[in-house]
Amino acid sequence: MSLTLHHHPFSRAAGTVWALEEVGQPYELKFVDLMKGAHKSPAMLALNPMGKLPVLVDGDAVVTEAAAIALYLADRYAAGRLAPALDDPRRAPYLRWSLFAPSVIEPGQMAPYGHWAFKPSRAGWGDYAAMIATMEKAVGDGPYLLGETFSMADVIFGGTARFLLRFDALEAGPAIKAYCARLGERPALRRADAKNAEVMAAHGLKA
């Protein structure tokens with residue numbers, strides 16, 4: 001089994017489990033005890049100097065950052081199914097929405113909640129209201145970001161939206177809420193949720 005995910009269910013690695021389930025390749029979850037600081041151990045820092053999860057090891061390849069891992073998995077193991085081909089025009093929106101999540105949604109959501117003082121014109125994530133409107137438009141025609149085709153972009157973009165909605169941390173409109181509800185019906189996501197729950201139970205963790 002070449003795919004190993006260094007994982008903790010309270011980290012972004014929980015969402016990476018969904019990406020792995022969608023890909024369908026065998027993988028191993030390697031628990032990293034965040035509460036004991038295991039993510040800052042020399043062994044983990046050798047894999048990711050940031051000392052953060054997730055970290056995916058695929059043979060000799062090491063990939064960090066949740067969005068990068070998901071894109072890597074789709075290209076490596078599900079090209080043409082979860083990732084549009086390089087010459088497919090849908091590759092453009094696929095990459096756009098995949099990177100919109102970490103580049104815009106995450107900082108864009110944190111800014112108002114953290115009362116950051118900044119000028120939207122100088123911030124890469126721009127204006128919060130514009131961000132929400134853009135998200136609504138992206139999923140409004142649905143059912144997925146690429147229309148009728150589900151892709152890894154939905155795991156990245158949709159996983160971020162679902163996480164924030166879970167904690168009432170996103171002022172989502174009806175289109176985003178309906179989109180996230182559709183994603184929640186995917187068998188791979190349900191399997192991922194079950195696996196994360198199993199890890200929590202095994203280590204006495206409570207949500």
Side-chain angles (χ1 to χ4, degrees), residues 1-48 50-78 81-83 98 101-102 105-106 109 144 150-170 172 176-177 179-207:
M1 187 179 298
S2 65
L3 287 172
T4 300
L5 178 67
H6 294 266
H7 169 269
H8 191 287
F10 293 170
S11 73
R12 285 175 174 80
T16 305
V17 178
W18 179 19
L20 285 161
E21 287 293 328
E22 291 286 358
V23 166
Q25 288 289 117
Y27 65 92
E28 175 189 0
L29 293 181
K30 189 169 184 179
F31 182 74
V32 179
D33 196 335
L34 295 181
M35 309 310 168
K36 294 183 178 179
H39 55 303
K40 300 294 186 180
S41 69
M44 285 303 302
L45 291 175
L47 295 173
N48 183 3
M50 288 294 292
K52 294 174 68 66
L53 299 177
V55 175
L56 180 79
V57 178
D58 181 9
D60 294 330
V62 177
V63 194
T64 68
E65 307 306 321
I69 291 172
L71 292 172
Y72 170 85
L73 287 170
D75 279 345
R76 177 81 169 83
Y77 295 105
R81 177 167 63 88
L82 294 175
S98 293
I105 300 176
E106 289 194 25
Q109 177 273 334
Y144 303 116
F150 177 86
S151 72
M152 192 61 83
D154 293 295
V155 175
I156 302 169
F157 180 104
T160 301
R162 287 183 78 249
F163 177 82
L164 294 174
L165 284 177
R166 177 183 174 188
F167 295 99
D168 296 321
L170 189 70
I176 296 174
K177 291 179 180 178
Y179 167 69
C180 289
R182 288 193 295 275
L183 295 179
E185 298 299 317
R186 292 192 65 79
L189 178 52
R190 292 186 173 185
R191 292 194 302 271
D193 286 344
K195 288 197 173 185
N196 282 309
E198 287 174 9
V199 174
M200 290 174 60
H203 293 276
L205 302 171
K206 294 183 179 180

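Keep in mind it's a predicted model, so treat the numbers as computed, not measured.
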Next on the checklist: Which residues pass the side chain to side chain donor-acceptor pair (under 3.5 Å) test with Asp193, not counting sequence neighbours?
Outcome noted: none
Checklist outcome for this item: Across all chains, not counting sequence neighbours, the side chain to side chain donor-acceptor pair (under 3.5 Å) partners of His6 are none
Checklist entry - Taking only residues two or more places apart in sequence or in another chain, which ones pass ring pair (Phe, Tyr, Trp, His ring centres under 6.0 Å) with Tyr144? => result Phe150
Checklist entry - Can you tell me if Arg81 uses its side chain to pair, donor with acceptor, with the backbone of Val23 under 3.5 Å? => result yes
Checklist outcome for this item: The residue among Ile156, Val155, Val63, Leu82 that forms side chain to side chain contact (heavy atoms under 4.5 Å, CB included) with Leu71 is Ile156
Item to check | salt bridge (charged side-chain N to carboxylate O under 4.0 Å, His left out): pairs with one or both residues in residues 152-170, sequence neighbours excluded | outcome: none
Checklist entry - Mind checking what makes ring pair (Phe, Tyr, Trp, His ring centres under 6.0 Å) contact with Phe31, not counting sequence neighbours? => result His8, His203
Next on the checklist: Among residues at least two apart in sequence or on other chains, which ones pass side chain to side chain donor-acceptor pair (under 3.5 Å) with Arg190?
Outcome noted: Glu185
Next on the checklist: Which residues pass the side chain to side chain donor-acceptor pair (under 3.5 Å) test with Arg12, not counting sequence neighbours?
Outcome noted: Glu106
Checklist entry - What residues, two or more places apart in sequence or in another chain, satisfy side-chain contact (heavy atoms from CB on, under 4.5 Å) together with Ala153? => result Tyr94, Ser98, Leu145, Ser151
Next on the checklist: Just to verify, what does Asp75 make a salt bridge (Lys or Arg N to Asp or Glu O under 4.0 Å) with, not counting sequence neighbours?
Outcome noted: Arg91
Next on the checklist: Can you pull out every side chain to side chain donor-acceptor pair (under 3.5 Å) where at least one residue sits in residues 59-72? Sequence neighbours excluded, please.
Outcome noted: Asp58-Tyr72
Item to check | Results of salt bridge (Lys or Arg N to Asp or Glu O under 4.0 Å) for Lys195 - residues two or more places apart only | outcome: Glu21
Next on the checklist: Quick test of your reading: applying side chain to side chain donor-acceptor pair (under 3.5 Å), list the pairs with at least one residue in residues 39-48, sequence neighbours left out, ordered by first then second residue.
Outcome noted: none
